Amino acid sequence: MSSRILNRALHDRLMSADEAAALIHDGDHVGMSGFTGAGHPKTVPLALARRMDAAHAAGQPFKIGMWTGASTAPELDGALARANGVDLRLPYQSDPACRDRINHGDMDYIDLHLSHVAQYAWFGFFGKLDTAVVEVSGVLEDGRLVPSSSVGNNKTWLDQADKIILEVNAWQNPALDGLHDIYYGTALPPHRQPIPLTRPEQRIGEPYFRIDPAKVVAVVETDHPDRQTAFSAPDETSLAIAAHLIEFLQHEVKAGRLPPELLPIQSGVGNIANAVLAGLNNGPFQGLSAFTEVLQDGMLEMLESGTLKSASATAFSLSSEALARLNADLASYRGRLLLRPQEISNHPELIRRLGLIAMNGMIEADLYGNVNSTHVMGSSIMNGIGGSGDFARNAYLSVFMTPSTAKGGRISCIVPMVSHVDHTEHDVQVIVTEQGLADLRGLSPKKRAALIIERCAHPDYRPALNDYYQRACRGAPGLHTPHLLGEALSWHQRYLADGRM
Ligand code: COA
């Protein structure tokens, strides 16, 4: 019997990816594992895409509704998007082929707070889940499953689906066994109880998924790597953003609003977030902890150096070099590193209780502190809101970061009015660009506008922003949040027409 599949009944259901994919049908709702390129199924989706291509070539319809943890990888999102085989996808995605399908109107997309997805499935808001396709790193003798390199919504998919297809991936490190904390204490309202977590590194669940073995219709063995995320070395802009933020945190410690070891940190994805983590690693703080969504390179480096005592997340999102280092030493992280379901890693109750410092990227912010994290020029999706809303609304301190300009300076990331709102002015406390940092706490909208222009806007756009703001203060019908409505989105219109704001 394969050393990864110790349960005889499940071992008997071994089959090829093509045979497993044949159990998925047009119109099915399919819950796939996968979160930021970690722990997604690697062979069944490719086989499914081949079936879709064949059906489409024969003039037959074949599309599924696809629910995931978050973004996946080319062999899942990319393959199914290229086959035009997804009718509706949720939640967060970042695959170029998938993004194109959505923006061309071929694929419907629901962009949700990541903490909401599991509970909405339990509430029945998305309809019935037909099949779960979940990567695991092993099957125990009693049929429980050793989770893979992400947890995401897998517990919910395994519980809710009528049928389960498992991919058992021998590439995943056997030392993952014991690293997970799967909480089975959630319930539907009005039966919910407090979630008993008071420290980021605390265990409240068990290391394995429980399943009903009778629902498993296929087990497929694989040996394929996760998608690895390439990070670029921090540039001048991201280093400047990191420096402003670290200086601010030092100031908050001096003012007694943060303890010397800070509060647990949450960090978004991308190069700027990674540069901030590198800055924290070389900075003045020690004994930090993280209660976050993904563990990326910068956080691993902080664990390695000891700056970070512990990290709780739902997935890894690492470069190949960082992943090699982690895999070489994974067992030594026992007790310091935990992967949890995303309904727990991103849970508002826990984020509020622990008092996080939430640091996320954005596309643009406006004069009053509203933030757009998801849309380009009002209509096209970039990725999705991910966990940024879960964290920003409930954190002790919510920080949004961006370079002050995009597309070689042709776009100002500080605009009169954002072209889409993900985080309202009520959820945004600090805005940072390479130009500086605006601390918006305790400021009225007009005071915020003056500070954001002065501290965060690029000098090339500052005069035009000031001019708009001054004219709005004279000509707006109300002076609480002054706007000239006919002009507020003209910057975006100008970019669409002339290629420059
Ligand atoms: N208008 C138009 N395009 C813009 C823009 C703006 N104001 N600001 C940035 N962009 C473009 C960039 O040019 C770049 O485009 P490219 O891919 O064609 O080069 C792209 O957006 C990404 O920008 P970049 O500066 O590389 O930032 P990033 O990698 O840090 O990503 C977000 C920024 C907002 C897209 C990313 O942080 C995100 O998806 N956030 C939402 C989810 C989230 O916060 N998750 C973490 C929560 S746990």
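From a predicted model like this one, the values you see are computed outputs, not experimental measurements. Atoms within each ligand, like the ligands themselves, are counted from 1 in listed order.
- Every side chain to side chain contact (heavy atoms under 4.5 Å, CB included) that P348 has, sequence neighbours left out, goes to S115, N394.
- Within the 4.0 Å heavy-atom criterion, the part of I411 lying near ligand 1 is the side chain and not the backbone.
- For atom 34 (C) of ligand 1, the nearest non-hydrogen atom from the set M362, R410, H492 comes from M362.
- For Q266, every heavy-atom contact with ligand 1 shorter than 4.0 Å involves the side chain, none the backbone.
- Among all protein heavy atoms, the one lying closest to atom 16 (P) of ligand 1 is K407 NZ, 3.5 Å.
- Side-chain atoms of T402 do not come within 3.5 Å of backbone N or O of S404 as any donor-acceptor pair.
- Within the structure, ligand 1 has Y92 among the residues with a heavy atom less than 4.0 angstrom away.
- Using a cutoff of 4.0 Å between basic side-chain nitrogens and carboxylate oxygens, E487 and R471 are scored as salt-bridged.
- Annotation for D390 and N346: closest pair OD2-ND2, 3.2 Å, computed over non-hydrogen atoms.
- The part of A406 lying near ligand 1 is the side chain, judged by heavy-atom distances below 4.0 Å.
- With distances taken over non-hydrogen atoms, the option nearest atom 45 (N) of ligand 1 out of T36, N274, V269 is V269.
- Among protein heavy atoms, the minimum distance from atom 44 (O) of ligand 1 is reached at S388 CB, 3.3 Å.
- Taking the charged nitrogens against the carboxylate oxygens, E293 and R340 have no contact shorter than 4.0 Å, which rules out a salt bridge.
- Counting atoms of ligand 1 from 1 in the listed order, those under 4.0 Å from a heavy atom of C413 are 7 (N), 8 (N).
- Taking 4.0 Å as the cut-off between side-chain N and carboxylate O, D439 and R455 do not count as a salt-bridged pair.
- Residue contacts with ligand 1: G384 is included, with a non-hydrogen atom under 4.0 Å away.
- Between K42 and E75 there is no salt bridge, since no side-chain nitrogen of the basic residue lies less than 4.0 Å from a carboxylate oxygen of the acidic one.
- Nearest protein neighbour of atom 40 (N) of ligand 1, counting heavy atoms only, is S373 O, 4.0 Å.
- In this structure E304 satisfies the side chain to side chain contact (heavy atoms under 4.5 Å, CB included) test together with L300, E301, R325, Y333, sequence neighbours excluded.
- Compare I272, I241, I363 by their heavy atoms: the one nearest to atom 8 (N) of ligand 1 is in I363.
- Scanning the protein heavy atoms around atom 22 (C) of ligand 1, the nearest turns out to be M382 CE, 4.5 Å.
- Here the protein heavy atom with the shortest distance to atom 39 (O) of ligand 1 is N383 ND2, 2.8 Å.
- Of the protein's non-hydrogen atoms, the one nearest atom 47 (C) of ligand 1 is N360 OD1, 3.3 Å.
- With a heavy-atom cut-off of 4.0 Å, T402 does not touch ligand 1 at all.
- In summary, K155 and E343 engage in a salt bridge, as defined by a charged side-chain N under 4.0 Å from a carboxylate O.
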